[in-house]
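What you see is a predicted model; the values in this text were computed from it and never measured.
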Amino acid sequence: VQLQASGGGLVQPGGSLRLSCAASGSIFNIDTMGWYRQAPGKRRELVATISSDGSTDYVDSVKGRFTISRDNAKNTVFLQMNNLRPEDTAVYYCYAKQWPMTYWGQGTQVTVSS
């Protein structure tokens, strides 16, 4: 399984970005999909997850600003990020779990700066 992430970029504080991550390859039954992020000098942080039945979870710092969704027919997960803050600056990594493996995308840079 390969994951291809896209949608990062440079945005001003208060702006929005939408990340996408498409899975391809030997896909049988992807369970949880989600996004991590890692800022310079910081540990990788779980940002949002979505299960195969659509249940979602978010880290407290993005609740009310980020929305995770998925298109199961296209094996794609999205992260809509609104009201972005400088502290959201990081490399964002998507992942997908298909038992017994976890697969990772290549990372996409999000920079929030004026």
Side-chain angles (χ1 to χ4, degrees):
V1 176
Q2 297 80 41
L3 298 181
Q4 181 67 45
S6 61
L10 173 64
V11 64
Q12 293 186 343
S16 298
L17 284 174
R18 188 184 194 221
L19 306 183
S20 299
C21 178
S24 61
S26 299
I27 297 170
F28 301 104
N29 185 24
I30 293 179
D31 184 13
T32 302
M33 303 183 79
W35 295 88
Y36 277 79
R37 66 185 178 186
Q38 188 166 22
K42 294 188 177 181
R43 297 172 64 179
R44 187 171 292 195
E45 174 184 50
L46 179 60
V47 177
T49 64
I50 184 166
S51 65
S52 56
D53 66 2
S55 299
T56 60
D57 197 13
Y58 300 90
V59 66
D60 284 347
S61 60
V62 308
K63 286 180 179 177
R65 300 188 298 122
F66 290 12
T67 302
I68 189 170
S69 61
R70 64 191 283 177
D71 182 336
N72 289 330
K74 297 182 178 179
N75 298 305
T76 301
V77 63
F78 306 96
L79 187 67
Q80 178 66 43
M81 305 185 293
N82 298 328
N83 193 20
L84 283 159
R85 304 168 180 170
E87 54 264 39
D88 295 317
T89 295
V91 178
Y92 284 70
Y93 298 91
C94 60
Y95 75 93
K97 293 186 176 180
Q98 176 169 278
W99 189 89
M101 302 293 292
T102 298
Y103 300 93
W104 293 91
Q106 82 281 13
T108 185
Q109 176 70 46
V110 172
T111 303
V112 185
S113 175
S114 55

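Note that the OG atom of Ser20 and the NZ atom of Lys74 stand 10.5 Å from one another [nearest 0.5 Å]. With rounding to the nearest 0.5 Å, the separation of CZ in Arg18 from CE in Met81 is 11.5 Å. In this structure, CG on Asn75 lies 4.0 Å from CD1 on Ile27, to the nearest 0.5 angstrom. Rounding to the nearest 0.5 angstrom, the gap separating the OG1 atom in Thr76 from the CG atom in Asp71 is 6.0 Å. The CD atom of Gln106 sits 7.5 Å away from atom SG of Cys21, with the distance rounded to the nearest 0.5 Å.
Under a hydrophobic clustering in which Ile, Leu, Val, Met, Phe, Trp and Tyr are joined whenever their side-chain heavy atoms come within less than 4.5 Å, directly or via other members, Ile50 and Trp35 fall into the same cluster. A single hydrophobic cluster is not seen to contain both Tyr93 and Ile30; linkage of ILVMFWY side chains at heavy-atom distances under 4.5 Å, directly or through other members, places them apart. Side-chain heavy atoms closer than 4.5 Å link hydrophobic residues (I, L, V, M, F, W, Y) into clusters, and following such links, even through other members, never connects Val1 to Tyr36. Hydrophobic clustering keeps Leu84 apart from Phe78 (ILVMFWY residues linked when any side-chain heavy atoms are closer than 4.5 Å, directly or through intermediates). Under the 4.5 Å side-chain contact rule for hydrophobic residues, Trp104 and Leu46 share a cluster.
At a threshold of 4.5 Å between non-hydrogen side-chain atoms, the residues Arg37 and Leu19 do not count as touching. Inter-residue side-chain proximity for Gln109 and Thr89 is flagged as met; some heavy-atom pair is nearer than 4.5 Å.
For the residue pair Ser6 / Gln4, no side-chain donor-acceptor distance below 3.5 Å is found, with atom types taken as modelled.
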- Message: Apply side chain to side chain contact (heavy atoms under 4.5 Å, CB included) to residues Cys94 and Met33 and explain how you reach the verdict.
- Response: CA-CA 7 Å; Cys94 60; Met33 303 183 79; over 6 Å; no

- Task: I would like to know whether Val112 and Glu87 meet side chain to side chain contact (heavy atoms under 4.5 Å, CB included); could you show each step before the answer?
- Result: CA-CA 8 Å; Val112 185; Glu87 54 264 39; over 6 Å; no

- Message: Between Tyr95 and Thr32, does the side chain to side chain contact (heavy atoms under 4.5 Å, CB included) criterion hold? Intermediate values first, please.
- Response: CA-CA 8 Å; Tyr95 75 93; Thr32 302; 3.6 Å; yes

- Message: Applying side chain to side chain contact (heavy atoms under 4.5 Å, CB included) to Val11 and Ser16, what does each step give before you reach the verdict?
- Response: CA-CA 7 Å; Val11 64; Ser16 298; over 6 Å; no

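Taking both residues in full, the closest heavy atoms of Gly7 and Leu17 are given as O-CD2, 3.9 Å, listed atom of the first, atom of the second, then distance. Contact record, Leu79 with Ala48: CD1-CB, 4.1 Å, taken as the closest heavy-atom pair.
Between Asp88 and Arg85 there is no salt bridge, since no side-chain nitrogen of the basic residue lies less than 4.0 Å from a carboxylate oxygen of the acidic one.
Judged by distance alone, the side chain of Arg70 and the main-chain N or O of Asp53 form no donor-acceptor pair under 3.5 Å. Proximity of a side-chain donor or acceptor of Gln98 to a complementary backbone N or O of Asn29 within less than 3.5 Å is detected. When atom types are taken as modelled, the side chain of Gln80 and the backbone of Ser69 share no donor-acceptor pair closer than 3.5 angstrom. Distance alone, capped at 3.5 Å, is enough to place a donor-acceptor pair between the Tyr58 side chain and the Ile68 backbone.
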